[in-house]
Amino acid sequence: MVRSTTIARASDALPLAATVDDEQTEHALQEHKQQAKLIFRRITPNSEPQCSIESGPYTLHYLIADNVVYLTIAEKSYPRKLAFSYLDELAKEFSHSYGPKVDGVRKPYAFVGFDTFMQKTARLYQDTRNTGSGGNNLERLNGELQDVTRIMTKNMEELLWRGDSLDKMSHLSSSLRDESQKYRKAARQINIDALIRQWAPVAGIALFVIIFLWWRFW
């Protein structure tokens, strides 16, 4: 389920709003909230707009829209498309309520009142096993949401220990596409060369026979 959510400005990682978590949640997610701060600092204009970063029993999902990063910490088993639907709802409401004010804010947590909407929305996404009306709502959402299989997934250790930048995911995707195209071109050329080697002797013999017959009977 969704455990905690933070909203920050993408350009400078300034926190704009966050859910007010109870003491138990705060203690359990202490390390992961520090990791969330790291993610905010690694965000650049070239970062993936949506990403899931796995860290132990939790996954940190983020969405970037209009210079704002929406990040939620959810249990690893929680469906990704529900997590991103939740973030998408937050993004739409936050943009509608505070969008024009974001760039002018100087103090952290200037929009702390947004916690009310986040808590209310999170309750709709809390438990995918509910059988009541909330569960039916989740089932409907689960069927209607966009496909998230193409959203990049990364491991927190890669960010912490290898110093990877979130930008590299975009660069990696481009690099993989380029390498794939090079491979296809190389494979095509190899096939053409193989056909030439296979049929060149036959073509040479056929040409020799044709010339010989032309010379002999013309």
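Because only heavy atoms are used, hydrogens play no part in the values below, and waters and symmetry mates are left out as well, while side chains stay in.
Side-chain N/O atoms of Asp22 and Thr25 include a donor and acceptor closer than 3.5 Å. Side chain to side chain, Thr121 and Glu89 fail the donor-acceptor criterion of an N or O pair below 3.5 Å. Side chains of Thr5 and Tyr70: a donor-acceptor N/O pair is absent below 3.5 angstrom, by distance only. No side-chain N or O of Tyr62 forms a donor-acceptor pair with one of Ser52 less than 3.5 Å apart.
Shown here is Lys92, whose NZ atom has no more than 12 heavy atoms of other residues, nucleotides or ligands within 6.0 Å. Other residues, nucleotides and ligands contribute only 12 or fewer heavy atoms inside 6.0 Å of the CG atom of Asp66.
Here the side chains of Leu124 and Tyr86 are not in contact, with every heavy-atom distance at 4.5 Å or above. Using a 4.5 Å heavy-atom threshold, the side chains of Thr59 and Tyr78 count as separate. Taking the side chain as every heavy atom from C-beta outward, Ile73 and Leu71 approach each other to under 4.5 Å. In this structure, Phe94 and Val102 have side chains that are in contact, with non-hydrogen atoms separated by less than 4.5 Å. Side-chain contact check for Ile7 versus Pro15: every heavy-atom pair is 4.5 Å or farther apart.
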Exercise. When you look at Tyr125 and Ser85, which way does the side chain to side chain donor-acceptor pair (under 3.5 Å) test go after all the steps?
Worked result: CA-CA 9 Å; Tyr125 288 83; Ser85 177; 3.0 Å; yes

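Connection of Leu90 to Val112 is not established within any shared hydrophobic cluster, with ILVMFWY side chains joined at heavy-atom distances below 4.5 Å, either directly or through further cluster members.
Between the side chain of Arg80 and the main chain of His61, no donor-acceptor pair closer than 3.5 Å is present. Side-chain atoms of Gln119 come within 3.5 Å of backbone atoms of Val20 as a donor-acceptor pair (strictly under, hydrogens ignored). The backbone N or O of Glu93 sits less than 3.5 Å from a side-chain atom of Ser97, completing a donor-acceptor pair. Between the Asn67 side chain and the Ser11 main chain, a donor and an acceptor come within less than 3.5 Å of each other.
Taking the ring centroids of Phe111 and Phe114, they lie at or beyond the 6.0 Å cut-off.
Thr19 and Ser4 get closest at one heavy-atom pair: OG1-OG, 3.5 Å. Residues Tyr98 and Gly113 share a closest heavy-atom pair of OH-C, 4.4 Å. The nearest pair of heavy atoms linking Ser95 to Pro100 is O-CD, 4.2 Å. Taking each heavy atom of Tyr109 and Ala18 in turn, the nearest pair found is CE2-CB, 3.8 Å.
Residue Ile53 holds its CD1 atom at 9.0 Å from CD of Gln35, rounded to the nearest 0.5 Å. Arg3 contributes atom CZ, which lies 5.5 Å from atom CD of Glu75 (distance to the nearest 0.5 angstrom). Distance check: Thr72 OG1 to Met1 CE gives 10.5 Å after rounding to the nearest 0.5 Å. Note: Leu87 CG to Ile64 CD1 = 11.5 Å, rounded to the nearest 0.5 Å. For the atom pair CG (Leu63) and CG (Asp88), the distance works out to 6.5 Å, reported to the nearest 0.5 Å. Ile43 CD1 to Glu48 CD: the interatomic distance, rounded to the nearest 0.5 Å, is 10.0 Å.
A salt bridge links Asp21 with Lys33: the distance from a Lys NZ or Arg NE/NH1/NH2 to an Asp or Glu carboxylate oxygen falls below 4.0 Å.
Applying the ring-ring contact (aromatic ring centres under 6.0 Å, His included) test to pairs two or more places apart or on separate chains, those with a residue in residues 8-33 are His32-Tyr58.
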